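Below, chains carry the letters A, B, ... as their sequence lines are ordered, and counting in each starts from 1. Remember, predicted model here, so these are calculated numbers, not experimental data.
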There are 2 protein chains.
Amino acid sequence: MELQLVNEGRRAGYAARRLAEFAERCRRGGLAVTPQRLAIIRALLASAEHPRADAIYETVRREHPHISLATVHRTLETLCEIGEARKVTMLHDSARYDGNVVPHHHVICVRCRRIRDVEIPELNDLLSARREIGDFKVLGSSLEIHALCPDCAGKGRARRAKHGRGSSPRTGCKDSVQDTRGG
Amino acid sequence: MELQLVNEGRRAGYAARRLAEFAERCRRGGLAVTPQRLAIIRALLASAEHPRADAIYETVRREHPHISLATVHRTLETLCEIGEARKVTMLHDSARYDGNVVPHHHVICVRCRRIRDVEIPELNDLLSARREIGDFKVLGSSLEIHALCPDCAGKGRARRAKHGRGSSPRTGCKDSVQDTRGG
DNA sequence: AATCGGATGATAATTACTACCAAGTAATCG
DNA sequence: CGATTACTTGGTAGTAATTATCATCCGATT
Ligand SMILES: [Mn+2]
Ligand SMILES: [Mn+2]
Ligand SMILES: [Zn+2]
Ligand SMILES: [Zn+2]
């Protein structure tokens, strides 16, 4: 299995390209291009840390001392909605526990957050061959498969919407998902 | 790639076995076997929902109307520490954002929570073949590799401890990890 | 430049936990 | 079995992250 830590130089080039297209993409998505949004996406693209809102806030503050933390939270969420960012922690809103301690994986409905167990023995085999990745010592792993459960697959298409907020209850990052299957 | 939703009957059998061994395992771990702990592990094992603390609370309440929500939180965390349960949401404490929207995966240091990007093109290929799992419509997926970063791998062994509480800062589920590599 | 709907900042409110501490109770030991 | 004691629990106050509210502001369009 090929498996590589992402190289820093590559990321920097990618970030520059994305930043260049940002204003255009905002307009296309019906969002105003504000200095705050620019500063936030710039800070996010500049980081390889998968930062939290408060880290972005501290960075952006240096150039925009008046920016509000609420704006940072809102904006990061908005960026996820239009597909300009991704929330790494799709299930971060509250802790979910599992009585099944045998190694296994999960399918997660991105709309209602139902979670079901999945077994992928081959994946476990593939991964357990790896003792380290780069300079990280591997302990284990867990695959999240993002999906729509039968109940949610039927209901309204969701997605789409020219530029509406489109909120779903109890959901941090709404339905938008790019993931493995994006492109 | 073999990939199967876990069958309900199998889970029930597993749960019964685990429940039978629970008291013994508690004592071995230096924990008292209290009615609250029994009720909580029973509720957790009985559920396939990967419940949150408040759901367990509601269930357990029916038999123990005086139980405290704080006890449920504490106990679930304790169960994770002794390996009798697993927190599905290892990064649930705060949202982490990613400017990289190209499909990729992550290595996460279980101690300091550093996150770095990993590319596993073969995995993406394997999974993108799947349009659905059981009756879930697959949208994408994301692999979390749990690991120790170079900085943390050096520092004290952690783990072990006969029955101490062993708390690490800002960490919900401490260092304990079973995952793919458990057995 | 005028208009106006979305965006922002300040702050209150909410949510999910976590810390505390007095009181209760498993476990151990006569 | 009853005393001892360390571990647990319940009740509650406190904390941290996020979200809601709303008056004001400003980017986009005309
Ligand atoms: Mn599970
Ligand atoms: Mn990433
Ligand atoms: Zn659903
Ligand atoms: Zn680390």
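Note: NE2 (B:H73) to P (D:dT8) measures 19 Å, nearest angstrom. In this structure, the NE2 atom of A:H66 is 16 Å from the P atom of C:dT8, given to the nearest Å. Between B:Y57 atom OH and C:dT15 atom C1' the separation is 15 Å, expressed in whole Å. Rounded to whole Å, the distance from CG on B:D93 to C1' on C:dT15 is 15 Å. Across the protein-nucleic acid pair, A:H64 atom NE2 and D:dC25 atom P stand 19 Å apart, rounded to whole Å. Between B:L69 atom CG and D:dT8 atom C1' there is a gap of 16 Å when expressed in whole angstrom units. Atom CG of A:L38 is separated from atom P of C:dT8 by 10 Å (rounded to the nearest Å). Protein atom CD of A:E77 is 16 Å distant from nucleotide atom P of D:dA17, rounded to whole Å.
Proximity note for A:T34 (side chain, C-beta onward) versus C:dA7, D:dA17, C:dT11: the nearest is C:dA7. Among C:dT8, C:dT18, C:dA7, the nucleotide with an atom closest to any side-chain atom of A:L31 is C:dA7. Nearest to the side chain of A:A32, among D:dA28, C:dC17, D:dA20, sits D:dA28.
Between B:M90 and B:V110 there is a side-chain heavy-atom pair separated by less than 4.5 Å.
At least one side-chain nitrogen or oxygen of B:Q36 sits closer than 4.0 Å to the OP1 or OP2 atom of D:dG10. Distances shown here put a side-chain N or O of A:T71 below 4.0 Å from the OP1 or OP2 atom of C:dG9.
There is no side-chain donor-acceptor pair under 3.5 Å between A:H92 and B:D93.
Note on A:R74: a base of the nucleic acid sits closer than 4.0 angstrom, heavy atoms only. Among the protein residues, A:I67 comes within range of the sugar-phosphate backbone only, with heavy atoms under 4.0 Å from sugar or phosphate atoms but none that close to a base.
In terms of position along DNA chain D, the nucleotide closest to B:P35 lies nearer the 5' end than the nucleotide closest to the other residue of the pair B:A95 and B:P35.
Of the possible polar contacts, none joining the A:R27 side chain to the A:F22 backbone as a donor-acceptor pair under 3.5 Å is found.
For the pair A:L127 and A:S141, the tightest heavy-atom approach, listed with the atom from each and the gap, is CD1-OG, 3.2 Å.
The only member of B:R113, B:R116, B:H106, B:R114 that meets side-chain hydrogen bond (donor to acceptor under 3.5 Å, both in side chains) when paired with A:H50 is B:H106.
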